[in-house]
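Scroll down for the structure; my scribbles are underneath it.
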Amino acid sequence: MITVRAPGKLFIAGEYAVVEPGNPSVLVAVDRFVRVELTPSVGKGSIHSEQYGRQPLVWYRDARGIVLDHDMRPVDYILSSIETVEQYVSERAIAPRFYDLSVSSELDDVSGRKFGLGSSAAVTVATINALNQFYDLQLTPRQRYKLAMLATIAVSPHASGGDLAASTFGGWIAYSAPDRIQVLRLREARGVAGAMDADWDGFSVRRLTPPSELQLIVGWTGEPASTSRLVDDLRDRRWAEEIRYSDFLEQSRHDVEGLIASLDADDAEGVKRAIKGARRTLSQLDAAAKVGIETPALARLSDTAEAIGAAGKSSGAGGGDCGVVLASHDADLSGLLREWERSDIRHLALAVHPSEGGL
Ligand code: PMV
């Protein structure tokens, strides 16, 4: 049996702008995981995951490739990961085999509500890591990220893939997304292996040094957010707001480049300034687009951070889920934590998942 895990993530800055190819963002991997166990099987494969309830999803192969043994095809990252790796395996003339996958996640609370720590990305990365071992593909982290990206955009063409990069590479990273239309076309024209070998316009990933004088504090609002709903709403509205949208992209680039420069210089005040700037930039975007990025709970989470000289903002699409705070190691957090408790914001004790190497 093969057991692998992939970490969850938090966006620190650059959300929404990162959806456009080449726009920078900063993310961090956290020490909660999705685990995948792979057991070799014969004649058919299966996927056991809480998202399918008690019944596993059973698959086999025919001339069309992977098929499910029932009619409903879920919109699914695990299946897309399997299909993408299987296509790669067949392009490399490796004999296909069968396997049972069992998926479990620490990225939900006990009642199954998602924390918003990138569970779809972590399950994609973990599935690819398990198959990398099973077929002994010896893929580098960069190749695994590319496979994960190919699998993800087959399901969700607008996804930036920042969460995949954080989950694959670990630690703090600066990330900008590839042009997904180009990547989808590359897969169509050259297959999965050909697309992986090509350079992807806009894509870049770089390791960042964590700020030595600051700690990361994470609050969970308990409000479920739908990233795809928020991103689609913004996409619909931005055509009417084209000029402000380009201002937003420029302002976001300014904030994120400031953040990266401050991290490179280990300048704690600069980091906090950039995060406050990123919060304001998202608020201005939302004031124009009105998609509901900073909910009242997220506003409270960030205001209480600013009141103690720290910096806080929503993480990811907003609309609920988590917010991040960067505060000095010696900051007195008692008032902040009391205020969070009063506002039903749960403090998630998360540590940064260290770099996996490969960058
Ligand atoms: O809500 P999350 O944590 O999945 O992050 C979404 C971030 C966006 O920039 C809004 C979308 C994306 O694909 O990067």
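Remember, it's 1-based here, ligands and their atoms both numbered in the order they're listed. One-based numbering along the sequence shown. Values below: all heavy atoms of this structure, side chains included; hydrogens, waters and symmetry mates excluded.
Residue Ile94 places its CD1 atom among more than 12 non-hydrogen atoms of other residues, nucleotides or ligands, all under 6.0 Å distant. The number of heavy-atom neighbours closer than 6.0 Å to CD of Glu257, taken from other residues, nucleotides and ligands shown, is above 12.
Annotation: Asp321 places no N or O atom under 3.5 Å from an N or O atom of ligand 1; distance criterion only. Polar contact check, Tyr16 against ligand 1: a nitrogen or oxygen pair lies under 3.5 Å apart. Where the criterion is an N or O separation shorter than 3.5 Å, residue side chain and backbone included, Ser315 fails it with respect to ligand 1. Considering backbone and side-chain atoms together, Ala317 places an N or O closer than 3.5 Å to an N or O of ligand 1.
Ring geometry for Trp59 versus Phe98: interplanar angle of 30 to 60°, hence tilted. Between Phe169 and Tyr145, the two ring planes are tilted [angle within 30° to 60°].
Closest to atom 13 (O) of ligand 1, if we only count protein heavy atoms, is Ser160 N, 2.9 Å. The nearest protein atom to atom 4 (O) of ligand 1, hydrogens excluded, is given as Thr227 OG1, 3.2 Å; this is a heavy-atom distance. The nearest protein atom to atom 5 (O) of ligand 1, hydrogens excluded, is given as Gly316 CA, 3.3 Å; this is a heavy-atom distance. What sits closest to atom 3 (O) of ligand 1 on the protein, heavy atoms only, is Lys9 NZ, 2.8 Å. Shortest contact from atom 7 (C) of ligand 1 to any protein heavy atom: Phe11 CE1, 3.5 Å.
Put simply, the side chain of Leu186 reaches to within 4.5 Å of the side chain of Gln182, judged on heavy atoms. The shortest distance between side-chain heavy atoms of Leu79 and Leu68 falls below 4.5 Å.
Numbered from 1 in the order shown, with element, the atoms of ligand 1 that lie under 4.0 Å from a heavy atom of Ala159 read 13 (O). If you number the atoms of ligand 1 from 1 as listed, the ones under 4.0 Å from a heavy atom of Glu15 come out as 9 (O). The distance from ligand 1 to the heavy atoms of Val18 drops below 4.0 Å at these ligand atoms: 9 (O), 14 (O).
The side-chain contact (heavy atoms from CB on, under 4.5 Å) test applied to Asp321 returns Ala225, not counting sequence neighbours.
Here Val19 has side-chain heavy atoms under 4.0 Å from ligand 1, and that is the only part of it that gets that close.
In this structure, the side chain of Ser176 does not engage the main chain of Pro24 through any donor-acceptor pair within 3.5 Å.
Checked by atom type, the side-chain pair Asp136/Gln138 shows a donor-acceptor distance below 3.5 Å.
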